Amino acid sequence: MMRSALTLFQKDIRLLLGRGSGLVQALLLGFLLIFLFSLSADMATPTTAKAAAAIFWMASAFCQVLIFNTLYGYEEGQGQRLGLLLGKTPPQAVWLGKGAAALVALLLVQALLLPAIAVFLRQGFVALWPQAILALVLANLGGVGLGSLLGALSQGQGAKESLLSIILFPLLLPLFLMGIFVFAAAFTGEHTQEVGAWLRLAAAFDGTFLGAAYLLFPYIYTAE
Amino acid sequence: MMHTPKNNALRTNYTPFCPWAGILALLGGVALAACQWLIFVYAPVEATLGLPQKIFYLHVPLAWWGMLSFFLTFVASALYLKHGTPRWDMLAESAAEAGLLLAGLALVAGSFWARASWGVWWIWDARLTTTLIMCFTYAGYLIIRRLDMPEMRRNKVAAVVGIVAFLDVPLVYISSRLWSFIHPPSVQLDSDMRLVMWLCVGACSFFWAGLVTLRFSLAATERTLNTLTAQQLAAQSAKE
(Lines give C-alpha, C1' and ligand atoms only; values in the text may rest on other atoms or scores of the structure.)
Protein backbone atom coordinates (compact mmCIF):
# COMPACT_ATOMS: atom_id res chain seq x y z
CA MET A 1 0.00 0.00 0.00
CA MET A 2 2.81 2.41 0.87
CA ARG A 3 4.37 2.01 -2.59
CA SER A 4 1.06 2.82 -4.31
CA ALA A 5 0.55 5.78 -1.98
CA LEU A 6 4.04 7.07 -2.71
CA THR A 7 3.51 6.73 -6.48
CA LEU A 8 0.23 8.62 -6.27
CA PHE A 9 1.82 11.27 -4.07
CA GLN A 10 4.66 11.81 -6.53
CA LYS A 11 2.28 11.94 -9.48
CA ASP A 12 -0.04 14.45 -7.76
CA ILE A 13 2.79 16.67 -6.55
CA ARG A 14 4.28 16.73 -10.07
CA LEU A 15 0.92 17.67 -11.57
CA LEU A 16 0.19 20.23 -8.87
CA LEU A 17 3.55 21.97 -9.11
CA GLY A 18 3.98 21.41 -12.85
CA ARG A 19 0.63 22.82 -13.92
CA GLY A 20 0.62 25.27 -11.05
CA SER A 21 -2.96 26.39 -11.63
CA GLY A 22 -4.44 24.58 -8.60
CA LEU A 23 -1.79 25.82 -6.20
CA VAL A 24 -1.74 29.37 -7.57
CA GLN A 25 -5.53 29.54 -7.40
CA ALA A 26 -5.46 28.50 -3.73
CA LEU A 27 -2.70 30.96 -2.95
CA LEU A 28 -4.47 33.85 -4.69
CA LEU A 29 -7.66 33.13 -2.81
CA GLY A 30 -5.74 33.10 0.48
CA PHE A 31 -4.02 36.41 -0.28
CA LEU A 32 -7.30 37.96 -1.37
CA LEU A 33 -9.07 36.93 1.84
CA ILE A 34 -6.28 38.34 4.00
CA PHE A 35 -6.22 41.59 2.01
CA LEU A 36 -10.00 42.00 2.18
CA PHE A 37 -10.06 41.44 5.93
CA SER A 38 -7.23 43.94 6.35
CA LEU A 39 -9.65 46.61 5.09
CA SER A 40 -11.51 46.39 8.40
CA ALA A 41 -8.44 47.69 10.29
CA ASP A 42 -6.87 51.14 10.20
CA MET A 43 -3.63 52.70 11.45
CA ALA A 44 -5.08 53.58 14.85
CA THR A 45 -6.79 50.24 15.51
CA PRO A 46 -4.90 47.31 14.00
CA THR A 47 -6.42 43.85 13.73
CA THR A 48 -6.33 41.96 17.02
CA ALA A 49 -4.10 38.90 17.31
CA LYS A 50 -7.10 36.61 17.63
CA ALA A 51 -8.79 38.07 14.55
CA ALA A 52 -5.57 37.76 12.56
CA ALA A 53 -5.19 34.11 13.62
CA ALA A 54 -8.81 33.44 12.66
CA ILE A 55 -8.26 35.03 9.22
CA PHE A 56 -5.15 32.90 8.69
CA TRP A 57 -6.97 29.66 9.50
CA MET A 58 -10.00 30.62 7.45
CA ALA A 59 -7.80 31.36 4.44
CA SER A 60 -6.01 28.03 5.01
CA ALA A 61 -9.33 26.18 5.13
CA PHE A 62 -10.51 27.64 1.82
CA CYS A 63 -7.12 26.88 0.25
CA GLN A 64 -7.43 23.29 1.49
CA VAL A 65 -10.81 22.90 -0.22
CA LEU A 66 -9.37 24.14 -3.52
CA ILE A 67 -6.33 21.86 -3.20
CA PHE A 68 -8.43 18.75 -2.57
CA ASN A 69 -10.80 19.52 -5.41
CA THR A 70 -7.81 19.94 -7.72
CA LEU A 71 -6.21 16.69 -6.50
CA TYR A 72 -9.36 14.57 -6.79
CA GLY A 73 -10.19 16.30 -10.06
CA TYR A 74 -7.18 14.63 -11.70
CA GLU A 75 -8.97 11.27 -11.74
CA GLU A 76 -12.41 12.63 -12.56
CA GLY A 77 -12.48 12.14 -16.31
CA GLN A 78 -12.49 9.05 -18.51
CA GLY A 79 -13.13 6.60 -15.68
CA GLN A 80 -9.66 7.06 -14.22
CA ARG A 81 -10.94 6.43 -10.71
CA LEU A 82 -12.19 3.02 -11.78
CA GLY A 83 -8.90 2.48 -13.56
CA LEU A 84 -7.05 3.05 -10.32
CA LEU A 85 -9.25 0.55 -8.52
CA LEU A 86 -8.99 -2.04 -11.29
CA GLY A 87 -5.22 -1.68 -11.09
CA LYS A 88 -5.50 -3.18 -7.62
CA THR A 89 -4.51 0.03 -5.88
CA PRO A 90 -5.77 -0.23 -2.29
CA PRO A 91 -8.31 2.59 -1.76
CA GLN A 92 -6.45 3.65 1.39
CA ALA A 93 -3.37 4.28 -0.75
CA VAL A 94 -5.38 6.90 -2.67
CA TRP A 95 -6.45 8.52 0.62
CA LEU A 96 -2.88 8.53 1.90
CA GLY A 97 -1.29 9.70 -1.36
CA LYS A 98 -3.79 12.52 -1.87
CA GLY A 99 -3.59 13.49 1.80
CA ALA A 100 0.21 13.65 1.73
CA ALA A 101 0.20 15.71 -1.48
CA ALA A 102 -2.37 18.08 0.01
CA LEU A 103 -0.30 18.42 3.18
CA VAL A 104 2.78 19.49 1.21
CA ALA A 105 0.74 21.88 -0.93
CA LEU A 106 -0.99 23.36 2.11
CA LEU A 107 2.29 23.91 3.95
CA LEU A 108 3.67 25.68 0.87
CA VAL A 109 0.63 27.93 0.71
CA GLN A 110 0.73 28.65 4.45
CA ALA A 111 4.42 29.51 4.25
CA LEU A 112 3.40 32.34 1.93
CA LEU A 113 0.24 33.31 3.78
CA LEU A 114 2.06 33.94 7.06
CA PRO A 115 4.17 36.82 5.64
CA ALA A 116 0.95 38.25 4.19
CA ILE A 117 -0.56 38.17 7.70
CA ALA A 118 2.51 40.04 8.96
CA VAL A 119 2.29 42.68 6.20
CA PHE A 120 -1.45 43.28 5.90
CA LEU A 121 -2.57 42.59 9.47
CA ARG A 122 0.62 43.74 11.22
CA GLN A 123 1.21 40.57 13.23
CA GLY A 124 4.36 38.60 13.89
CA PHE A 125 5.49 35.63 15.91
CA VAL A 126 7.02 36.97 19.09
CA ALA A 127 6.97 33.81 21.20
CA LEU A 128 5.82 30.20 21.40
CA TRP A 129 7.62 29.10 18.24
CA PRO A 130 7.71 25.33 18.97
CA GLN A 131 4.10 25.27 20.11
CA ALA A 132 2.98 27.29 17.09
CA ILE A 133 4.78 24.91 14.73
CA LEU A 134 3.28 21.92 16.54
CA ALA A 135 -0.16 23.51 16.28
CA LEU A 136 0.35 24.05 12.56
CA VAL A 137 1.41 20.43 12.02
CA LEU A 138 -1.41 18.97 14.13
CA ALA A 139 -4.09 21.16 12.55
CA ASN A 140 -2.86 20.38 9.05
CA LEU A 141 -2.59 16.63 9.74
CA GLY A 142 -6.16 16.37 11.01
CA GLY A 143 -7.38 18.72 8.31
CA VAL A 144 -5.89 16.80 5.40
CA GLY A 145 -6.88 13.43 6.93
CA LEU A 146 -10.51 14.45 7.03
CA GLY A 147 -10.24 16.53 3.85
CA SER A 148 -8.87 13.59 1.89
CA LEU A 149 -11.80 11.45 3.06
CA LEU A 150 -14.43 14.04 2.24
CA GLY A 151 -12.66 15.33 -0.89
CA ALA A 152 -13.53 12.02 -2.53
CA LEU A 153 -17.23 12.50 -1.85
CA SER A 154 -17.47 15.68 -3.89
CA GLN A 155 -15.68 14.04 -6.82
CA GLY A 156 -17.78 14.35 -9.95
CA GLN A 157 -20.30 16.68 -8.32
CA GLY A 158 -21.39 20.13 -9.46
CA ALA A 159 -20.55 23.04 -7.10
CA LYS A 160 -18.07 20.77 -5.34
CA GLU A 161 -16.18 23.62 -3.66
CA SER A 162 -19.25 24.74 -1.76
CA LEU A 163 -20.29 21.15 -1.08
CA LEU A 164 -16.93 20.25 0.44
CA SER A 165 -16.84 23.49 2.45
CA ILE A 166 -20.22 22.99 4.10
CA ILE A 167 -19.35 19.42 5.11
CA LEU A 168 -15.73 19.97 6.10
CA PHE A 169 -15.71 23.31 7.94
CA PRO A 170 -18.08 22.44 10.82
CA LEU A 171 -16.18 19.19 11.43
CA LEU A 172 -12.88 21.06 11.59
CA LEU A 173 -14.10 23.48 14.26
CA PRO A 174 -11.99 21.98 17.11
CA LEU A 175 -8.86 22.37 14.97
CA PHE A 176 -9.78 25.92 13.97
CA LEU A 177 -10.27 26.91 17.60
CA MET A 178 -6.98 25.30 18.57
CA GLY A 179 -5.13 27.01 15.73
CA ILE A 180 -6.66 30.40 16.50
CA PHE A 181 -5.90 30.15 20.21
CA VAL A 182 -2.27 29.03 19.81
CA PHE A 183 -1.49 31.44 16.95
CA ALA A 184 -3.06 34.36 18.84
CA ALA A 185 -0.86 33.46 21.83
CA ALA A 186 2.17 33.32 19.52
CA PHE A 187 1.33 36.71 17.95
CA THR A 188 1.02 38.40 21.35
CA GLY A 189 3.64 36.38 23.19
CA GLU A 190 1.25 35.60 26.02
CA HIS A 191 1.93 32.06 27.12
CA THR A 192 -0.92 30.38 28.97
CA GLN A 193 -1.35 26.94 30.48
CA GLU A 194 -4.22 26.30 28.07
CA VAL A 195 -1.90 25.98 25.07
CA GLY A 196 -0.96 22.46 26.21
CA ALA A 197 -4.62 21.48 26.59
CA TRP A 198 -5.36 22.74 23.08
CA LEU A 199 -2.46 20.78 21.59
CA ARG A 200 -3.64 17.59 23.35
CA LEU A 201 -7.13 18.15 21.98
CA ALA A 202 -5.74 18.53 18.46
CA ALA A 203 -3.76 15.30 18.88
CA ALA A 204 -6.96 13.51 19.97
CA PHE A 205 -8.75 14.94 16.92
CA ASP A 206 -5.98 13.71 14.63
CA GLY A 207 -5.99 10.22 16.17
CA THR A 208 -9.77 9.92 15.89
CA PHE A 209 -10.16 11.20 12.37
CA LEU A 210 -7.05 9.69 10.81
CA GLY A 211 -8.23 6.30 12.10
CA ALA A 212 -11.85 6.85 11.02
CA ALA A 213 -10.85 8.19 7.60
CA TYR A 214 -8.53 5.22 7.01
CA LEU A 215 -11.36 2.78 7.77
CA LEU A 216 -14.16 4.66 5.99
CA PHE A 217 -12.42 5.88 2.84
CA PRO A 218 -12.96 2.65 0.82
CA TYR A 219 -16.75 3.02 1.25
CA ILE A 220 -16.67 6.44 -0.39
CA TYR A 221 -14.08 5.78 -3.06
CA THR A 222 -15.32 2.39 -4.27
CA ALA A 223 -19.07 3.01 -3.99
CA GLU A 224 -21.03 3.11 -7.25
CA MET B 1 -54.39 -0.79 -8.11
CA MET B 2 -51.66 -0.30 -5.52
CA HIS B 3 -52.99 -3.12 -3.33
CA THR B 4 -53.60 -5.74 -6.03
CA PRO B 5 -52.11 -8.98 -4.72
CA LYS B 6 -51.18 -10.01 -8.28
CA ASN B 7 -48.50 -7.38 -8.37
CA ASN B 8 -45.42 -9.01 -6.83
CA ALA B 9 -43.44 -5.80 -6.61
CA LEU B 10 -46.16 -4.17 -4.59
CA ARG B 11 -46.58 -7.13 -2.30
CA THR B 12 -42.90 -7.27 -1.45
CA ASN B 13 -42.05 -3.59 -1.25
CA TYR B 14 -45.13 -1.67 -0.29
CA THR B 15 -44.99 -0.35 3.24
CA PRO B 16 -48.33 1.01 4.42
CA PHE B 17 -48.65 4.05 6.65
CA CYS B 18 -47.43 2.93 10.05
CA PRO B 19 -50.28 3.33 12.58
CA TRP B 20 -47.71 3.70 15.35
CA ALA B 21 -46.66 7.04 13.92
CA GLY B 22 -50.17 8.46 14.41
CA ILE B 23 -50.56 6.98 17.88
CA LEU B 24 -47.17 8.26 19.04
CA ALA B 25 -47.76 11.71 17.55
CA LEU B 26 -51.15 11.90 19.29
CA LEU B 27 -49.65 10.78 22.60
CA GLY B 28 -46.84 13.30 22.16
CA GLY B 29 -49.31 16.12 21.44
CA VAL B 30 -51.44 15.35 24.50
CA ALA B 31 -48.40 14.86 26.76
CA LEU B 32 -46.74 18.09 25.61
CA ALA B 33 -50.01 19.99 26.17
CA ALA B 34 -50.23 18.55 29.69
CA CYS B 35 -46.62 19.60 30.26
CA GLN B 36 -47.57 23.24 29.65
CA TRP B 37 -49.80 23.10 32.72
CA LEU B 38 -46.98 21.51 34.74
CA ILE B 39 -44.49 24.11 33.54
CA PHE B 40 -46.59 27.20 34.21
CA VAL B 41 -48.72 26.09 37.18
CA TYR B 42 -47.02 23.25 39.03
CA ALA B 43 -43.32 24.08 38.73
CA PRO B 44 -42.20 26.97 40.98
CA VAL B 45 -40.63 30.12 39.50
CA GLU B 46 -36.84 29.96 39.76
CA ALA B 47 -35.53 32.52 42.27
CA THR B 48 -32.61 33.96 40.28
CA LEU B 49 -33.59 33.61 36.63
CA GLY B 50 -37.32 34.23 37.09
CA LEU B 51 -40.01 33.46 34.52
CA PRO B 52 -37.65 33.06 31.50
CA GLN B 53 -36.29 29.91 33.19
CA LYS B 54 -39.53 28.19 32.08
CA ILE B 55 -37.95 27.95 28.60
CA PHE B 56 -35.58 25.43 30.15
CA TYR B 57 -38.37 22.79 30.32
CA LEU B 58 -38.73 22.94 26.54
CA HIS B 59 -35.10 23.63 25.68
CA VAL B 60 -33.61 20.60 27.47
CA PRO B 61 -35.90 17.89 26.01
CA LEU B 62 -35.50 19.31 22.50
CA ALA B 63 -31.70 19.35 22.82
CA TRP B 64 -31.50 15.87 24.36
CA TRP B 65 -33.78 14.21 21.83
CA GLY B 66 -32.06 16.06 19.00
CA MET B 67 -28.71 14.69 20.14
CA LEU B 68 -30.19 11.20 20.58
CA SER B 69 -31.47 11.44 16.99
CA PHE B 70 -27.96 12.19 15.78
CA PHE B 71 -26.68 9.21 17.77
CA LEU B 72 -29.33 7.05 16.09
CA THR B 73 -28.14 8.32 12.69
CA PHE B 74 -24.59 7.32 13.68
CA VAL B 75 -25.63 3.79 14.71
CA ALA B 76 -27.91 3.28 11.69
CA SER B 77 -25.18 4.57 9.33
CA ALA B 78 -22.64 2.12 10.79
CA LEU B 79 -25.15 -0.73 10.46
CA TYR B 80 -25.90 0.29 6.86
CA LEU B 81 -22.20 0.18 5.95
CA LYS B 82 -21.90 -3.23 7.65
CA HIS B 83 -25.02 -4.91 6.25
CA GLY B 84 -26.07 -2.75 3.27
CA THR B 85 -29.75 -3.10 4.26
CA PRO B 86 -31.84 -0.16 2.98
CA ARG B 87 -33.88 0.08 6.19
CA TRP B 88 -30.80 1.23 8.14
CA ASP B 89 -30.20 3.91 5.54
CA MET B 90 -33.81 5.07 5.76
CA LEU B 91 -33.64 5.08 9.56
CA ALA B 92 -30.43 7.14 9.47
CA GLU B 93 -32.09 9.72 7.21
CA SER B 94 -35.28 9.84 9.26
CA ALA B 95 -33.39 10.30 12.52
CA ALA B 96 -31.16 13.01 11.01
CA GLU B 97 -34.17 15.01 9.81
CA ALA B 98 -35.92 14.73 13.18
CA GLY B 99 -32.66 15.56 14.97
CA LEU B 100 -32.06 18.65 12.86
CA LEU B 101 -35.58 19.88 13.54
CA LEU B 102 -35.36 19.33 17.32
CA ALA B 103 -31.81 20.68 17.62
CA GLY B 104 -32.82 23.75 15.58
CA LEU B 105 -35.77 24.37 17.90
CA ALA B 106 -33.48 23.88 20.91
CA LEU B 107 -31.18 26.57 19.50
CA VAL B 108 -34.06 28.99 19.03
CA ALA B 109 -35.33 28.29 22.56
CA GLY B 110 -31.79 28.64 23.95
CA SER B 111 -31.31 31.91 22.13
CA PHE B 112 -34.52 33.37 23.62
CA TRP B 113 -33.47 32.16 27.07
CA ALA B 114 -30.02 33.75 26.71
CA ARG B 115 -31.58 37.05 25.63
CA ALA B 116 -34.02 37.08 28.53
CA SER B 117 -31.49 35.98 31.16
CA TRP B 118 -28.17 37.46 30.07
CA GLY B 119 -29.19 40.17 27.58
CA VAL B 120 -27.55 38.56 24.55
CA TRP B 121 -28.95 36.38 21.78
CA TRP B 122 -25.95 34.10 21.76
CA ILE B 123 -23.41 32.99 24.34
CA TRP B 124 -20.34 30.89 23.75
CA ASP B 125 -21.65 28.03 25.87
CA ALA B 126 -20.25 24.58 25.12
CA ARG B 127 -23.66 22.91 24.88
CA LEU B 128 -25.18 25.57 22.62
CA THR B 129 -22.10 25.66 20.39
CA THR B 130 -22.05 21.87 20.08
CA THR B 131 -25.73 21.88 19.12
CA LEU B 132 -25.12 24.62 16.53
CA ILE B 133 -22.20 22.75 14.96
CA MET B 134 -24.25 19.56 14.88
CA CYS B 135 -27.01 21.48 13.07
CA PHE B 136 -24.52 22.70 10.44
CA THR B 137 -23.06 19.20 10.00
CA TYR B 138 -26.37 17.38 9.70
CA ALA B 139 -27.73 20.05 7.36
CA GLY B 140 -24.75 19.16 5.15
CA TYR B 141 -25.60 15.48 5.61
CA LEU B 142 -29.14 16.10 4.37
CA ILE B 143 -27.80 18.07 1.39
CA ILE B 144 -25.70 15.03 0.44
CA ARG B 145 -28.83 12.91 0.55
CA ARG B 146 -30.38 15.11 -2.16
CA LEU B 147 -27.37 15.00 -4.49
CA ASP B 148 -27.79 13.69 -7.97
CA MET B 149 -25.58 10.60 -7.87
CA PRO B 150 -26.15 6.83 -8.09
CA GLU B 151 -28.32 5.71 -5.16
CA MET B 152 -25.84 3.21 -3.73
CA ARG B 153 -22.98 5.73 -3.83
CA ARG B 154 -25.10 8.48 -2.30
CA ASN B 155 -26.26 6.22 0.53
CA LYS B 156 -22.72 5.10 1.34
CA VAL B 157 -21.33 8.64 1.22
CA ALA B 158 -24.15 9.80 3.50
CA ALA B 159 -23.47 6.92 5.91
CA VAL B 160 -19.80 7.87 6.13
CA VAL B 161 -20.71 11.51 6.85
CA GLY B 162 -23.28 10.29 9.41
CA ILE B 163 -20.53 8.43 11.27
CA VAL B 164 -17.84 11.12 11.00
CA ALA B 165 -20.26 13.83 12.13
CA PHE B 166 -21.05 12.08 15.40
CA LEU B 167 -17.40 11.31 16.15
CA ASP B 168 -16.88 15.08 16.17
CA VAL B 169 -19.41 15.72 18.98
CA PRO B 170 -17.13 15.20 22.02
CA LEU B 171 -14.29 17.12 20.38
CA VAL B 172 -16.53 20.08 19.55
CA TYR B 173 -17.88 20.03 23.12
CA ILE B 174 -14.42 20.00 24.72
CA SER B 175 -13.08 22.66 22.38
CA SER B 176 -16.08 24.91 23.09
CA ARG B 177 -15.49 24.51 26.84
CA LEU B 178 -11.82 25.38 26.45
CA TRP B 179 -12.66 28.40 24.34
CA SER B 180 -15.43 29.67 26.56
CA PHE B 181 -15.00 32.95 28.37
CA ILE B 182 -18.39 33.08 30.00
CA HIS B 183 -20.27 30.15 31.38
CA PRO B 184 -23.92 30.64 32.19
CA PRO B 185 -24.60 29.85 35.83
CA SER B 186 -25.96 26.33 36.18
CA VAL B 187 -29.61 26.14 37.10
CA GLN B 188 -30.28 24.72 40.56
CA LEU B 189 -33.38 22.55 40.35
CA ASP B 190 -35.52 21.64 43.32
CA SER B 191 -37.40 18.34 43.35
CA ASP B 192 -40.59 19.75 41.71
CA MET B 193 -38.58 21.38 38.93
CA ARG B 194 -36.63 18.20 38.36
CA LEU B 195 -39.86 16.17 38.19
CA VAL B 196 -41.37 18.54 35.61
CA MET B 197 -38.16 18.47 33.56
CA TRP B 198 -38.18 14.66 33.40
CA LEU B 199 -41.88 14.60 32.54
CA CYS B 200 -41.21 17.06 29.69
CA VAL B 201 -38.35 14.85 28.48
CA GLY B 202 -40.72 11.87 28.58
CA ALA B 203 -43.47 13.77 26.72
CA CYS B 204 -41.01 14.86 24.06
CA SER B 205 -39.97 11.23 23.58
CA PHE B 206 -43.45 10.37 22.16
CA PHE B 207 -43.29 13.35 19.83
CA TRP B 208 -39.78 12.40 18.69
CA ALA B 209 -40.63 8.71 18.20
CA GLY B 210 -43.77 9.66 16.24
CA LEU B 211 -41.75 12.00 14.04
CA VAL B 212 -39.05 9.40 13.28
CA THR B 213 -41.60 6.63 12.67
CA LEU B 214 -43.65 8.83 10.35
CA ARG B 215 -40.56 9.91 8.40
CA PHE B 216 -39.35 6.31 8.16
CA SER B 217 -42.73 5.26 6.83
CA LEU B 218 -42.58 8.06 4.22
CA ALA B 219 -39.06 7.05 3.20
CA ALA B 220 -40.19 3.43 2.77
CA THR B 221 -43.16 4.52 0.64
CA GLU B 222 -40.92 6.79 -1.45
CA ARG B 223 -38.53 3.91 -2.00
CA THR B 224 -41.36 1.64 -3.12
CA LEU B 225 -42.67 4.25 -5.53
CA ASN B 226 -39.20 4.74 -7.01
CA THR B 227 -38.85 0.97 -7.49
CA LEU B 228 -42.26 0.77 -9.15
CA THR B 229 -41.46 3.69 -11.46
CA ALA B 230 -38.16 2.10 -12.45
CA GLN B 231 -39.89 -1.24 -13.10
CA GLN B 232 -42.59 0.40 -15.19
CA LEU B 233 -40.05 2.33 -17.24
CA ALA B 234 -38.03 -0.85 -17.79
CA ALA B 235 -41.18 -2.71 -18.89
CA GLN B 236 -42.15 0.12 -21.27
CA SER B 237 -38.71 0.24 -22.89
CA ALA B 238 -38.74 -3.58 -23.23
CA LYS B 239 -42.07 -3.37 -25.10
CA GLU B 240 -40.74 -0.69 -27.43
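Not measured: the values here are computed from a predicted model. Numbers restart at 1 for each chain; the letters A, B, ... are given by sequence-line order, proteins then strands. Scope of the values below: all heavy atoms of this structure, side chains included, with no hydrogens, waters or symmetry mates.
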Supply the atom-to-atom distance [X] [atom1] to [Y] [atom2], rounded to the nearest 0.5 angstrom.
X: A:Tyr219; Y: B:Lys82; atom1: OH; atom2: NZ; answer: 9.0 Å
X: A:Ile166; Y: B:Ile144; atom1: CD1; atom2: CD1; answer: 7.5 Å
X: B:Asp168; Y: A:Leu171; atom1: CG; atom2: CG; answer: 5.0 Å
X: A:Leu173; Y: B:Ile133; atom1: CG; atom2: CD1; answer: 4.5 Å

Margin query: Set out, in order, the CA-CA distance, both residues' side-chain angles and the distance that settles side chain to side chain contact (heavy atoms under 4.5 Å, CB included) for A:Ile167 and B:Ile143, then state yes or no.
Written below: CA-CA 9 Å; A:Ile167 306 292; B:Ile143 287 172; 5.9 Å; no
Next item on the list: Could you look at B:Leu171 and say if it's the side chain, the backbone, both or neither that has a heavy atom under 4.5 Å from chain A?
Entry: both
Notebook entry, point to check: In terms of heavy-atom proximity below 4.5 Å to chain A, should B:Val164 be classed as side chain, backbone, both, or neither?
Noted result: both
Next item on the list: Inspect the surroundings of OH in A:Tyr74 and state if more than 12 heavy atoms from other residues, nucleotides or ligands are less than 6.0 Å away.
Entry: yes
Checklist line | CZ (B:Phe206) with more than 12 external heavy atoms under 6.0 Å | finding: no
Margin query: Taking side chain as everything from C-beta outward and backbone as N, CA, C, O, which of these in A:Leu175 sits under 4.5 Å from a heavy atom of chain B? Side chain, backbone, both or neither.
Written below: neither
Note to self: Using heavy-atom distances under 4.5 Å, tell me whether A:Ala202 contacts chain B through its side chain, its backbone, both, or neither.
What the structure shows: neither
Check: Does A:Phe62 have any ring-ring contact (aromatic ring centres under 6.0 Å, His included) partners at least two apart in sequence or in another chain, and if so, which?
Finding: A:Phe169
Notebook entry, point to check: Just wondering, do B:Val160 and A:Leu153 contact through their side chains at under 4.5 Å, heavy atoms?
Noted result: no
Checklist line | Best-contacting candidate, A:Trp198, A:Phe205, A:Phe209, against chain B by heavy atom pairs under 4.5 angstrom | finding: A:Trp198
Check: Between A:Leu216, A:Leu168, A:Leu177, A:Ile220, which residue shows the highest count of heavy-atom pairs closer than 4.5 Å to chain B?
Finding: A:Leu177
